[in-house]
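Since we're looking at a predicted model, the values are computed, not measured. In what follows, chains carry the letters A, B, and so on, assigned in the order in which the sequence lines appear, proteins first and then strands, with residues in each chain numbered from 1.
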Amino acid sequence: MNKLPLIIKREYLAKVRNKSFVIMTFLSPILMVGMILLITYLTQLNDNEKRIIAVLNESGYFANEFVATEATSYVNFRDISLAQAKDSTLSLGYYGLVYLPEEPNLERVAQRAFFYSKDAPSASVLEKLENVITSRLRQERLRELGLSPKEYAEMDRSYNLNIETFDGLQNIKGINEIKAVIGGAFGYLIMMFIIIYGGFVMRSVIEEKTSRIIEVIISSVKPFHLMMGKIIGTSLAGITQFGIWIVSGVILLFIGLAIFDIDPSALTKGGMPQTMGNGTGMDVDSVTQNIQLYAQEIFEIPILAMLIFFIIYFVLGYLIYSSIYAAIGAAVDNETDTQQFIFPVILPLMLAIYVGFFSVFSNPNGPIAVAFSLFPLTSPIVMLMRLPWGIGEGGVPVWQLISSILILIATFIGIVWVAAKIYRVGILMYGKKPSYKDLFKWLKYS
Amino acid sequence: MNNILVATNVTKRYGDHLALKDVSLDIPKNSIYGLLGPNGAGKTTLIRIINQITYPDQGSVFFDGEPLKPEHIAQIGYLPEERGLYKSMKVGEQALYLAQLKGLSKAEAKKRLKFWFEKLEIGDWWNKKIQELSKGMAQKIQFVVTVLHEPKLLIFDEPFSGFDPINANIIKEQILALKENGTSIIFSTHRMESVEELCEYIALIHKSEKILDGKLSEIKKAYKNNIFRIGLESTGANGLLEDLQQKYKVLTHEYDSKESQLNISVQLPSNDSREILNYLGQKANVNGFVETIPSANDIFIQTIQKRNLSHE
């Protein structure tokens with residue numbers, strides 16, 4: 001039987017040559033990259049607006065506390081009155097004026113300090129200024145208590161609680177979120193692929209029914225071959241689409257970055273403003289150490305294993321669901337009739353995603369997570385969400401992984417068998433919309 | 001082996017519905033075999049069994065002397081009643097695909113398609129999409145695709161539906177030519193007129209059962225009721241009619257007084273018409289005398305009525 005490749009080829013070409021497929025394939029990455037570029041560009045525009053703030057310091061404090069940053073710089077006024085300083089600030093077009101009056105002690109200075117500006121100042125500017133003053137106040141109070149500036153710097157060092165699992169693996173804060181994002185992305189990808197390409201399979205079956213070509217084809221090939229050819233051909237088209245997206249997306253991104261002269265590292269830098277901007281006490285060493293830890297943890301996510309299991313779960317899950325979609329397509333005469341059957345199909349997928357986000361991420365080895373990663377209709381998504389935590393110790397126990405795949409394979413065989421039966425009867429049935437009872441009856445036809 | 005296809009005691013159920021009940025058929029080689037019956041009688045089910053789209057619950061089917069098996073699909077061509085093509089596919093590409101599914105190589109399929117497209121003068125359709133063609137045009141392509149792999153057995157289910165008379169005639173000629181070349185043909189229809197001119201053998205299917213089969217000419221002979229239509233020219237017509245009604249079993253009569261023409265139909269006790277001809281010769285001028293041969297339609301209706309009576 002070398003007809004299966006013929007069918008796969010036809011289904012593949014029919015899908016790939018379809019106008020809407022071509023448009024979708026080439027438009028989506030352009031839209032995506034366009035969005036990313038726009039956002040990056042706007043962010044940069046925002047950052048480019050540099051604020052200059054004038055400082056009129058009549059007090060004996062704050063000699064060098066106002067340090068220029070990327071977004072803000074400070075200009076010191078000297079030996080002029082407040083009124084003059086205000087005028088100058090306005091005429092020079094500065095953002096605002098910080099006024100620190102002459103007072104006997106820092107407390108009083110702080111109490112009587114003012115910020116003058118043309119419009120109401122932005123919250124971030126105010127916060128920055130307040131931080132400077134607060135920090136100086138604390139330092140002063142501690143000095144009064146007898147602490148040297150060096151001791152003060154010592155005291156202000158940032159602190160991270162050390163985390164370790166029982167078997168001694170070092171852990172760091174936030175890594176769970178990263179793992180969740182990776183697992184979630186895989187799970188979400190599977191769900192989207194199943195819904196989109198399952199729908200394509202279904203529509204293709206309906207098309208064959210409504211164009212009445214089905215009986216011509218069925219007299220040459222087995223319905224099972226036609227169904228499998230359709231499922232495989234359509235999924236290959238989907239993989240082609242994803243491939244084109246990934247490749248063209250990467251190329252476009254680099255072209256775009258080159259054209260707009262955006263430094264790609266600016267994007268990553270923007271990702272962690274807390275660690276970088278808050279340079280008051282945290283020393284550089286601990287930051288790099290932390291980054292190294294993160295990198296180490298991410299490398300410890302079994303990427304290769306995840307990819308292999310992604311393919312296994314993806315293939316099995318997709319085959320199960322698209323067989324169901326094919327059976328639905330065969331059972332009905334037109335797409336409007338599919339609604340009642342599609343909902344129960346999408347339900348477990350949605351459930352898997354929600355269970356994944358709410359239960360797996362908070363407790364990847366909890367009973368709910370285990371149950372849903374064994375249940376065959378949700379396991380392709382839920383198990384992939386658990387996998388970033390590793391396999392074996394600390395992660396998914398090997399027995400769960402194996403039994404989940406075995407259950408999935410058994411279900412796949414069962415579902416394809418049932419779907420093929422419904423498909424075989426359904427494709428030659430016209431006219432009435434079948435009920436679930438009818439479908440059950442079809443299973444008994446030989 | 002003189003039969004291309006033999007079905008013995010084929011029974012098929014769909015749930016509670018009995019689609020075929022104990023149907024046996026012998027379909028001779030190199031002939032056109034008419035499979036007749038009203039809609040829903042079970043013709044399509046039988047054809048689907050022959051095409052191995054579905055399988056019999058009981059009974060067996062033999063193709064060319066062997067039990068029917070998947071390899072035989074390449075030797076059967078089937079034009080279903082519910083037929084269509086992929087709308088957005090090009091004609092040539094589609095025909096190639098369907099031919100390859102029947103087991104032809106791509107090169108061979110291309111060669112044969114060229115030949116058929118020229119024969120039917122549709123060569124310039126190759127790169128058109130089906131949705132650009134009319135229904136009749138699409139039907140022609142379907143016909144070509146059905147016969148392309150030169151099967152031993154061709155099955156046409158209502159082949160002329162959707163054709164205008166001119167194209168129907170072209171197709172009819174092609175079917176006859178295929179038969180001349182040695183192909184066996186099953187021709188399924190509920191329209192009896194087309195049967196008379198094409199079919200050598202027929203089988204009647206009614207309510208899932210075969211109720212009659214055999215050579216059409218023999219069936220017709222068997223269904224003759226010794227009824228003769230007689231035309232008489234006579235001025236004293238009324239008296240003549242009464243005499244005839246006393247002497248023979250007159251089924252119908254009509255008298256045209258202007259033309260002095262009496263037309264009657266008479267059922268004789270045997271097929272011997274010499275006696276009545278002698279009698280009529282003495283009484284009047286006979287201007288018409290013909291034996292009524294039942295049409296397929298008559299036979300069909302008669303058989304079904306007889307059957308319904310015997311069942312009550």
Residue part contacting chain B, namely of [X], when any heavy atom lies under 4.5 Å:
X: Val221(A); answer: side chain
X: Ile7(A); answer: both
X: Leu13(A); answer: neither

One pair to check against salt bridge (Lys or Arg N to Asp or Glu O under 4.0 Å): Glu215(A) and Arg48(B). What are the steps and the verdict? CA-CA 9 Å; Glu215(A) 201 162 348; Arg48(B) 283 179 181 169; 2.9 Å; yes

Within a reach of under 6.0 Å around [atom1] of [X], are more than 12 heavy atoms found that belong to other residues, nucleotides or ligands?
X: Phe440(A); atom1: CZ; value: no
X: Lys119(B); atom1: NZ; value: yes
X: Glu71(B); atom1: CD; value: yes

Per the salt bridge (Lys or Arg N to Asp or Glu O under 4.0 Å) rule, which among Lys9(A), Arg17(A), Arg10(A) passes with Glu93(B)? Arg17(A)

Does [X] reach the side chain of [Y], with side-chain heavy atoms less than 4.5 Å apart?
X: Arg83(B); Y: Ile213(A); answer: no
X: Val216(A); Y: Pro80(B); answer: yes
X: Tyr14(B); Y: Val425(A); answer: no
X: Tyr78(B); Y: Ile218(A); answer: no

Whatever's closer than 4.5 Å to a heavy atom in chain A on Gln100(B) counts as both

Please classify the contact between Glu81(B) and chain A as side chain, backbone, both or neither, with a heavy-atom cut-off of under 4.5 Å. neither

Determine yes or no for a side-chain-to-main-chain donor-acceptor pair under 3.5 angstrom, with Lys102(B) supplying the side chain and Ser219(A) the backbone. yes

